[in-house]
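In this text the structure is predicted, and so the values were computed from the model without any measurement.
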Amino acid sequence: PTSGMIDITLTATAGENFGTLGTLTFSNIVVPSTEIVSWSNNQIIFKCPAGIGTSHQVVVTSNGNAFTAAQLFSYQAPVLTAISPNTGPQTGNTAVTLTGENFGNSSSPITVMVGGLPGINATWVNPTTITFNTPAGYGQDVNVIVTMAGQSSNALAFNYATTGSVGIGTNNPSNFL
């Protein structure tokens, strides 16, 4: 999850020796010693930091040797679970709250798309809440999708309400002239 704090285990392959002291980096950021659960010659367990995105590299530096993890780490994509309100006028500017998970942290770049149009003023509130205003648009069941660090969420539906009735009016024959 983007909230981090899950244990990640690195295991030395044949011929590698992590030593018992060194530096661990996650996407070029040093992992604080308080987040290292255990460190031995052949295994390191650490708490994953909070974050978003894909292709994060883990590197162990010990006794002058650098060991790069064979696999890159990816956080889970954002997941939408609720939208409120889910209806607004075609003129747009409806204040909407999205609820879900894996929304990262306050510095995470956010893009909200509503039927292919960018949402207005998308704002991170907390790891489970994003707010934005709708662009002008039309249609029913218009997809709302959040993208963070190249990872897109599932879609939830937004409905643009019609602003007036369309029709002929009364049965007065003069209305047809």
Side-chain angles (χ1 to χ4, degrees), residues 1-84 86 95-114 116-135 143-156 158:
T2 60
S3 58
M5 304 319 284
I6 60 169
D7 286 351
I8 295 180
T9 302
L10 300 175
T11 303
T13 58
E16 292 180 335
N17 182 342
F18 293 144
T20 56
L21 184 62
T23 304
L24 179 66
T25 59
F26 184 90
S27 278
N28 298 318
I29 298 172
V30 174
V31 175
S33 60
T34 56
E35 301 303 325
I36 296 175
V37 176
S38 67
W39 187 308
S40 69
N41 289 330
N42 61 359
Q43 188 178 71
I44 299 170
I45 300 174
F46 70 100
K47 298 285 185 190
C48 172
I52 60 172
T54 62
S55 304
H56 296 279
Q57 191 170 56
V58 179
V59 178
V60 176
T61 304
S62 178
N63 300 322
N65 296 311
F67 304 95
T68 302
Q71 294 180 328
L72 298 175
F73 181 84
S74 294
Y75 289 96
Q76 295 171 337
V79 175
L80 299 177
T81 56
I83 183 171
S84 180
N86 67 350
V96 175
T97 299
L98 297 173
T99 305
E101 56 190 42
N102 300 326
F103 294 162
N105 58 44
S106 61
S107 64
S108 302
I110 303 166
T111 302
V112 176
M113 299 299 281
V114 182
L117 299 173
I120 303 164
N121 297 324
T123 304
W124 180 91
V125 177
N126 61 48
T128 61
T129 307
I130 293 172
T131 60
F132 73 99
N133 288 20
T134 58
N143 284 340
V144 175
I145 297 173
V146 171
T147 301
M148 303 179 78
Q151 293 179 297
S152 296
S153 70
N154 56 304
L156 291 181
F158 184 81

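In this structure a side-chain-to-backbone donor-acceptor pair under 3.5 Å is present from W39 to G19. Under a 3.5 Å cut-off, the side chain of N102 and the backbone N or O of V79 do not form any donor-acceptor pair. No donor-acceptor pair under 3.5 Å is formed between the side chain of Q43 and the backbone N or O of T11. Listed for the W124 side chain is a donor-acceptor partner under 3.5 Å among the backbone atoms of G104. N154 places a side-chain N or O within 3.5 Å of a backbone atom of L80 that can act as its donor or acceptor partner. Here the side chain of T81 pairs a donor or acceptor atom with the backbone of T99 at under 3.5 angstrom.
Distance check: N17 CG to S40 OG gives 9.0 Å after rounding to the nearest 0.5 Å. Distance OG1/T61 to CZ/F67: 9.0 Å, rounded to 0.5 Å. With rounding to the nearest 0.5 Å, the separation of OG1 in T54 from CZ in F73 is 11.0 Å. Separation of atoms CG (N41) and OG1 (T20) is listed at 6.5 Å; rounding is to 0.5 Å. Taking CZ from F46 and OG1 from T34, the interatomic distance works out to 13.0 Å, rounded to the nearest 0.5 Å. A distance of 9.5 Å separates CD1 of I130 from OG1 of T123, quoted to the nearest 0.5 Å.
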field: CA sep, side-chain torsions, deciding dist, call: N86, L156, side chain to side chain contact (heavy atoms under 4.5 Å, CB included)
entry: CA-CA 9 Å; N86 67 350; L156 291 181; over 6 Å; no
- prompt: For I110 and F103, what are the C-alpha separation, side-chain angles and deciding distance, and is it a side chain to side chain contact (heavy atoms under 4.5 Å, CB included)?
  reply: CA-CA 9 Å; I110 303 166; F103 294 162; over 6 Å; no
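When the shell of 6.0 Å around CG of L21 is examined, it contains 12 or fewer heavy atoms from other residues, nucleotides or ligands. Few gaps surround CG on N126; more than 12 heavy atoms of other groups in view lie less than 6.0 Å from it.
Residues M113 and P118 have side chains in contact (heavy-atom distance under 4.5 Å, counting atoms from C-beta outward).
Residue pairs meeting the salt bridge (charged side-chain N to carboxylate O under 4.0 Å, His left out) criterion with at least one member in residues 47-73, sequence neighbours excluded: D7-K47. Note on residues 25-34: no pairs pass salt bridge (charged side-chain N to carboxylate O under 4.0 Å, His left out), not counting sequence neighbours.
Between V59 and A66, the shortest heavy-atom distance links the atoms CG1-CB, 4.3 Å. Residue A95 comes nearest to N133 through the heavy atom pair CA-OD1, 3.6 Å, listed as atom of the first residue, atom of the second, then distance. What you find for A12 and F18 is that their closest heavy atoms are N-CE1, 3.5 Å. Taking every heavy atom of both residues into account, G53 and A149 meet most closely at CA-CB, 3.6 Å. The heavy-atom pair separating S74 from S55 by the smallest distance is OG-N, 3.4 Å.
Classification of the H56-Y75 ring pair by plane angle, with boundaries at 30° and 60°, yields perpendicular.
No option in N121, V146, L98 other than L98 meets the side-chain contact (heavy atoms from CB on, under 4.5 Å) test with F132. Only one option out of L72, T68, L24, T25 pairs with V58 in a side-chain contact (heavy atoms from CB on, under 4.5 Å); it is L24.
If you check the side chains of S152 and T147, you find a donor sitting under 3.5 Å from an acceptor.
Remark: E16 engages T13 in a side-chain hydrogen bond (donor to acceptor under 3.5 Å, both in side chains) (not counting sequence neighbours).
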